[in-house]
Amino acid sequence: MPTLSVTAKDAVSQSADALVIGVGTNASGAVVAGAQALPAPVRTALTQAVKVVGATGAKETLHRIPAVPGVSAKSVVLVGLGPVREIDLEVLRRAAGAATRELAGLGKVVFGLPTTTGEEVTAVAEGALFGAYTYNRYRSNGSGKNPVGTIVVSAPAAANTAARVGIRRAKVLADAVHGTRDLINAAPLDLFPAQFAEDAQRVVKDLPVTVTVLDEKKLVRGGYGGLIAVGQGSSRPPRLVKLEYKPAGAKTHVALIGKGITFDSGGISIKPAANMDEMKSDMSGAAAVLHSVAAIAELGLPVQVTGWMALAENMPSGTAQRPSDVITIRGGRTVEVLNTDAEGRLVLADAIVAAGETNPDVIVDIATLTGAQMVALGSRTSAIMSNNDGLRTLVQRVAGEAGEAFWPMPLPPELRSSMDSKVADIANIGERFGGMLVAGLFLKEFVPSTDDGAQVPWAHLDIAGPAFNGGSAYGYTPTGGTGHGVRTMVALCESLAVRPLA
Ligand code: BES
Ligand code: ZN
Ligand code: ZN
């Protein structure tokens, strides 16, 4: 993780490898953003440079030039911000992230992007940190580039309270996002359920979080039939990890549940070979839950949070579950497994039932659950399904503010009967059309009810597309694991800490 500092000192007078300056667009074309804050000679030279290099100001475009007189850094990076009147927090995050991402390998980068409020300063810091990520675990002899080492954000509002609070939070969030990406990017050879459980213990070691790991023996004894069935084809058995954060004075209790399939081959209903490699990312939900709980504890949020990581490797073998097997989820409900590739809902069902036993006020699950999610919303927008309108709206709002795209999706009751089984309480697949909603309805069957008979407010986040970027990097999003969901879950818990769900 790079070191980050914020200063009210002039951006141009800081020594660094690069100074990042924004280029926006207005009616007259590309313009240096925040030019009035620059000394006149620098302003003139950069305006000239914009023309010479042909910078258009289009979002996230980058030009690096040798420093102009009056700039202490060795080079200037011109980053596009798009229309100046539309510069919002996410535009700043993405521009800053595009800069640190492209500048990987440099030691020190100073940001002179246009900001006035503490929120804007924070956005630049967040984007810069999220973009300063490289994954070199498997590169021999140091052949990978290191992320930018030192980030300095220069801004007049550096010392204001919103900026100070925001910067501390940005560092914690970036740690969590990077940690999530590292887990997703790890090869499944190295990240299997027992290893993931150990990693969880390491991540929260110095935090007020209690970790309980149920191994395969305890899972059998506890009747966790979903985790056992999905994991039984692998030589590396399943785990259920519980992470408890319970600060004094918390008024509300949130359960966060993550799908943690460390590799999804499909099992006996095996997947086609093309892109099967990307199924190492099928544990993105569990990774996001782990690092969200860590961030929440690190920030000391006054909310009780219990994280659940449902971990298994879905493999075909002589011991694997078969299509037509009937399994029993914790709590006694039976499921006819008609497709072993619809495994996420089986491990999540166990975890949702287990979470219900701890009486949470809100349950959120997050999962790379269906290919249908990507058919519906593409690869950059996740889906929210919920049994509670207020919770669905809240998740969408805090996600949007955090810079993560989530869109509401329905749970049409008429699709439920498509999962009717000839032999068991429910089958694990149903109608193909609306496959994402069918998966959501399956999970809903396992959401606990309170004494008055109403279901506990629950939201299901299907992050199949956004969790893993199989294409090129953009903004602060690298190729590979993205860490999507962490910022939404942390923001949701911040909101619920202050204002519990009505
Ligand atoms: N892990 C997959 C879903 C997925 C697909 C995530 C692509 C990310 C990218 C999930 O376990 C799965 O295979 N779901 C099946 C369900 C089907 C058999 C009802 C699917 O979506 O095809
Ligand atoms: Zn699957
Ligand atoms: Zn899966």
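Indexing begins at 1, ligand by ligand and atom by atom, following the structure's order.
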Relative to the heavy atoms of [X], which atoms of ligand 1 are at a distance of less than 4.0 Å?
X      : value
Asn339 : 18 (C)
Lys271 : 2 (C), 12 (C), 13 (O)
Ile429 : 19 (C)
Arg345 : 16 (C), 19 (C)
Gly371 : 3 (C), 4 (C), 5 (C), 20 (C), 21 (O)

Report yes if the side chains of [X] and [Y] come closer than 4.5 Å at any heavy-atom pair, otherwise no.
X      : Y      : result
Asn469 : Tyr474 : yes
Pro147 : Tyr133 : no
Asp190 : Arg137 : yes
Asp215 : Pro237 : no
Val79  : Leu113 : yes
Glu298 : Leu207 : yes

_Please confirm whether Lys259 approaches ligand 1 to less than 4.0 Å, judged on its heavy atoms._
yes
*asked:* Tell me whether ligand 1 is touched by Met374 - counting only heavy atoms on the residue side and a distance under 4.0 Å.
replied: yes
Measure the distance from [atom] to every protein heavy atom, then report the residue, atom name and distance (to 0.1 Å) of the closest one.
atom                    : value
atom 10 (C) of ligand 1 : Leu369 O, 3.3 Å
atom 12 (C) of ligand 1 : Asp341 O, 3.2 Å
atom 2 (C) of ligand 1  : Asp264 OD2, 3.5 Å

| said: By the definition side chain to side chain donor-acceptor pair (under 3.5 Å), identify the one residue from Asp462, Asp264, Asp282 that meets it with Thr368. | reply: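 Result for side chain to side chain donor-acceptor pair (under 3.5 Å) with Thr368: Asp282.
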(request) From the options Glu119, Glu126, Glu404, Glu60, select the one residue that forms a salt bridge (charged side-chain N to carboxylate O under 4.0 Å, His left out) with Arg93. (result)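 Per the salt bridge (charged side-chain N to carboxylate O under 4.0 Å, His left out) rule, the option paired with Arg93 is Glu126, out of Glu119, Glu126, Glu404, Glu60.
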Taking Glu198 first and then Arg202, would you say they form a salt bridge - that is, a charged N and a carboxylate O separated by under 4.0 Å?
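The answer is no: the pair does not qualify as a salt bridge.
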Does Arg392 come within less than 4.0 Å of Asp389, counting only side-chain N to carboxylate O?
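Yes.
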| Does some non-hydrogen atom of the protein lie less than 4.0 angstrom from atom 21 (O) of ligand 1? | yes
Closer than 2.8 Å to the Zn ion (ligand 3) - protein N, O or S atoms, ordered by chain and residue number: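 Near the Zn ion (ligand 3), below 2.8 Å, one finds Lys259 NZ, Asp264 OD2, Asp282 OD2, Glu343 OE2.
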message: Minimum distance, heavy atoms only, to atom 8 (C) of ligand 1: which one of Met279, Glu343, Met283, Glu278 is it?
response: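 Among Met279, Glu343, Met283, Glu278, the closest heavy atom to atom 8 (C) of ligand 1 belongs to Met279.
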What distance separates Met309 CE from Phe196 CZ, expressed to the nearest 0.5 Å?
->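 Met309 atom CE to Phe196 atom CZ measures 4.0 Å (nearest 0.5 Å).
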Exactly one of Leu348, Thr358, Ile352 clears side chain to side chain contact (heavy atoms under 4.5 Å, CB included) with Trp308, and that residue is Thr358
